[in-house]
Amino acid sequence: VSVANTLVSMYAKCGSLDNALSVFYDIYEPNVVSWTTLIVAYVHLKLCESAILFFSQMLLEGVLPNIITFLSIISACASQEKLLNGMHIHAQVVACGFELDVSIGNALISLYGKYKNLENAKMIFDKMPTRDKVSWNSLIASYAQLGHSKEALKLLRDMREGGMSLDRVTLVSVLEACAIELDLDEGKQVHAHICGEWADLDSILGSALISMYAKCGSLQDSEAVFNKVHDRSVVFWTSMISAYVQHEQSHQSIQIFEQMKLEGTIPDDLALYTALSACFGQNGLDRGKWMHAGIVGSREKIEALVSNALLSMYSKCGSIRDAKNVFKRLTKKSVVTWTTMITACAQSGQPNQALRFFAQMQLDGVPPN
RNA sequence: CAUUUCAGUCACGCCG
């Protein structure tokens with residue numbers, strides 16, 4: 001069984017769910033590790049519904065979940081919206097007597113954070129018999145992501161007073177909090193702390209610093225960070241592209257985008273989205289068309305996010321005609337897609353066309369929000 | 001043999 005489990009895990013990590021599944025189904029009596037491995041595979045592919053289904057199936061077959069199973073299933077629940085699943089799992093954790101485990105507590109903190117339920121997150125935290133760095137990080141991240149940055153920064157202070165050392169995860173969350181608060185001073189202090197603690201920045205901390213500085217209005221600092229990091233991920237590049245967009249520097253932004261491609265980093269949807277949003281102003285339309293052509297030439301299908309970005313780009317650049325052309329060729333149109341078109345027409349003196357789109361949208365089965 | 005926290009992002013409107 002162990003050998004088969006390892007195989008399942010290996011196939012899953014290579015992205016071959018089919019192979020993983022067929023090995024799993026050939027296991028005579030799958031044990032708790034087999035099931036957990038499968039659940040994790042689905043969670044990593046964001047197929048959380050299925051992960052939860054496998055969990056139920058496992059229970060039906062009389063296999064008892066252990067702590068690791070619960071950790072996996074809690075993270076499955078955290079990445080989907082259904083509150084009920086999460087509450088249900090929490091109850092089961094308690095019933096199995098696992099609720100005092102540190103890792104379980106950590107996962108639950110994060111779960112309630114994702115559910116925007118900070119009271120419960122804090123309650124779990126307070127009730128934990130022992131806390132580790134992850135406990136603090138989870139709670140701080142929850143506060144930071146929900147925009148409660150003051151509390152996040154306060155927790156940081158408590159954490160340090162309690163003698164906990166900070167790690168990269170802590171700092172990323174704190175930088176996010178600084179960005180929301182537009183607290184440049186605190187952000188710089190965190191940056192100084194980072195420089196004192198590690199010889200070089202990695203691309204995750206780098207991205208967080210770039211966007212913190214950009215949001216706090218200090219583009220020069222973003223640039224300085226950008227130049228210091230050499231192991232650049234797509235996210236890292238995108239942060240810099242976005243920083244220039246926020247400061248309305250279309251040209252610089254596109255230049256970074258081009259440099260990224262030259263250095264061999266393949267842009268993902270969000271990178272394309274951001275680069276397209278950099279096409280505005282004087283040469284905006286030309287840059288946008290050029291980019292559009294590049295996108296069409298380099299990928300099979302265009303994702304929703306990217307096509308929406310194309311629509312906004314064309315309408316921002318004043319070419320409703322091009323926007324309509326893109327729009328016509330889309331197979332899936334969301335409310336956002338329709339609203340982009342409606343707004344484009346409305347703002348360019350074509351109110352009747354806007355109303356026509358509005359009517360068509362409803363005929364298409366998309367309800368207005 | 002499997003496991004918990006972290007970075008770039010969406011249209012419109014409202015408030016700051």
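Residue numbers start from 1 in every chain, and the chains themselves are labelled A, B, ... in the order their sequence lines are given, proteins ahead of strands.
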Mark yes or no for whether [X], through its side chain, and [Y], through its backbone, hold a donor-acceptor pair below 3.5 Å.
X      : Y      : result
A:R287 : A:Q282 : no
A:T274 : A:L270 : yes
A:S79  : A:S75  : yes

Tell me: [atom1] of [X] to [atom2] of [N], nearest whole Å?
X      : N     : atom1 : atom2 : answer
A:I124 : B:U4  : CD1   : C1'   : 13 Å
A:L276 : B:A11 : CG    : P     : 13 Å
A:N308 : B:C12 : CG    : C1'   : 13 Å
A:L270 : B:U9  : CG    : C1'   : 4 Å
A:L209 : B:G8  : CG    : C1'   : 13 Å
A:W35  : B:C1  : CH2   : C1'   : 17 Å
A:I204 : B:A7  : CD1   : C1'   : 6 Å
A:M313 : B:A11 : CE    : P     : 15 Å

- Task: Please evaluate the base of B:G8 for a donor-acceptor partner in the side chain of A:S239 within a cut-off of under 3.5 Å?
- Result: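 It does not, because no donor-acceptor pair links the side chain of A:S239 to the base of B:G8 below 3.5 Å.
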
- Determine, stepwise, if the pair A:E99 / A:K127 fulfils salt bridge (Lys or Arg N to Asp or Glu O under 4.0 Å). CA-CA 10 Å; A:E99 98 250 59; A:K127 279 205 199 152; over 6 Å; no

- Task: Output yes when at least one side-chain N/O atom of A:K114 is less than 4.0 Å from OP1 or OP2 of B:U4, else no.
- Result: no

- Closest to the A:N369 side chain: B:A11, B:C10, B:A2?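 Output: B:A11.
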
- Ignoring the backbone of A:A208, work out which of B:A7, B:C6, B:G8 is nearest its side chain. B:A7

- In chain order, what residues pass the side chain to side chain contact (heavy atoms under 4.5 Å, CB included) check against A:I194, with sequence neighbours excluded?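 A:L171, A:L175, A:V190, A:W198, A:L201, A:L205, A:L209.
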
- Partner set under side chain to side chain contact (heavy atoms under 4.5 Å, CB included) for A:V296, not counting sequence neighbours: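 Counting only residues at least two positions away or on another chain, A:V296 forms a side chain to side chain contact (heavy atoms under 4.5 Å, CB included) with A:H292, A:I302.
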
What's the separation between atom [atom1] in [X] and atom [atom2] in [Y], rounded to the nearest 0.5 Å?
X      : Y      : atom1 : atom2 : result
A:L310 : A:M291 : CG    : CE    : 10.0 Å
A:M164 : A:D158 : CE    : CG    : 12.0 Å
A:L330 : A:N325 : CG    : CG    : 11.0 Å
A:M341 : A:Q350 : CE    : CD    : 8.5 Å
A:L156 : A:S149 : CG    : OG    : 12.5 Å

In [range], which residues come under 4.0 Å of RNA chain B by heavy atom?
range                       : value
residues 88-110 of chain A  : A:S103, A:N106, A:A107, A:S110
residues 245-262 of chain A : none
residues 289-307 of chain A : A:L305
residues 316-355 of chain A : A:V336, A:T339, A:T340, A:T343
residues 128-150 of chain A : A:V134, A:N137, A:S138, A:A141, A:Q145

- Query: Any side-chain donor paired with an acceptor under 3.5 Å for A:H193 and A:Q189?
  - Reply: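 Short answer, no.
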
Describe the nucleic acid contact of [X] in one word from base, sugar-phosphate, nothing, applying a heavy-atom distance below 4.0 Å.
X      : answer
A:V40  : sugar-phosphate
A:D269 : nothing
A:T37  : sugar-phosphate
A:A78  : nothing
A:D167 : nothing

- Pairs where residues 101-119 of chain A contributes a residue and the test salt bridge (charged side-chain N to carboxylate O under 4.0 Å, His left out) is met, not counting sequence neighbours: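 Not a single pair qualifies under salt bridge (charged side-chain N to carboxylate O under 4.0 Å, His left out).
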
- Item | Inter- and intrachain pairs under salt bridge (charged side-chain N to carboxylate O under 4.0 Å, His left out), touching residues 247-274 of chain A, at least two apart |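 Passing the test, one end in residues 247-274 of chain A: A:E258-A:K261, A:D269-A:R299.
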
Residues 357-368 of chain A side chain polar contacts: donor-acceptor under 3.5 Å, at least two apart:
none

Between the protein and nucleotides 14-16 of chain B, list every N/O to N/O distance that falls short of 3.5 Å.
none

- More than 12 non-hydrogen atoms from neighbouring residues, nucleotides or ligands closer than 6.0 Å to CG on A:L60, yes or no? yes

- Item | Test salt bridge (charged side-chain N to carboxylate O under 4.0 Å, His left out) applied to A:D183 - qualifying residues, sequence neighbours left out |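 Counting only residues at least two positions away or on another chain, A:D183 forms no salt bridge (charged side-chain N to carboxylate O under 4.0 Å, His left out).
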
- Under 30°, 30 to 60°, or over 60°: which ring-plane class applies to A:W35 and A:F54, parallel, tilted or perpendicular?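 The rings of A:W35 and A:F54 sit tilted, inter-plane angle from 30° to 60°.
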
- Message: Can you tell me how the ring of A:W338 sits relative to the ring of A:F327, calling it parallel under 30°, perpendicular over 60° and tilted otherwise?
- Response: perpendicular

- Message: Check this for me: does any side-chain nitrogen of one of A:D221 and A:K188 sit under 4.0 Å from a carboxylate oxygen of the other?
- Response: yes

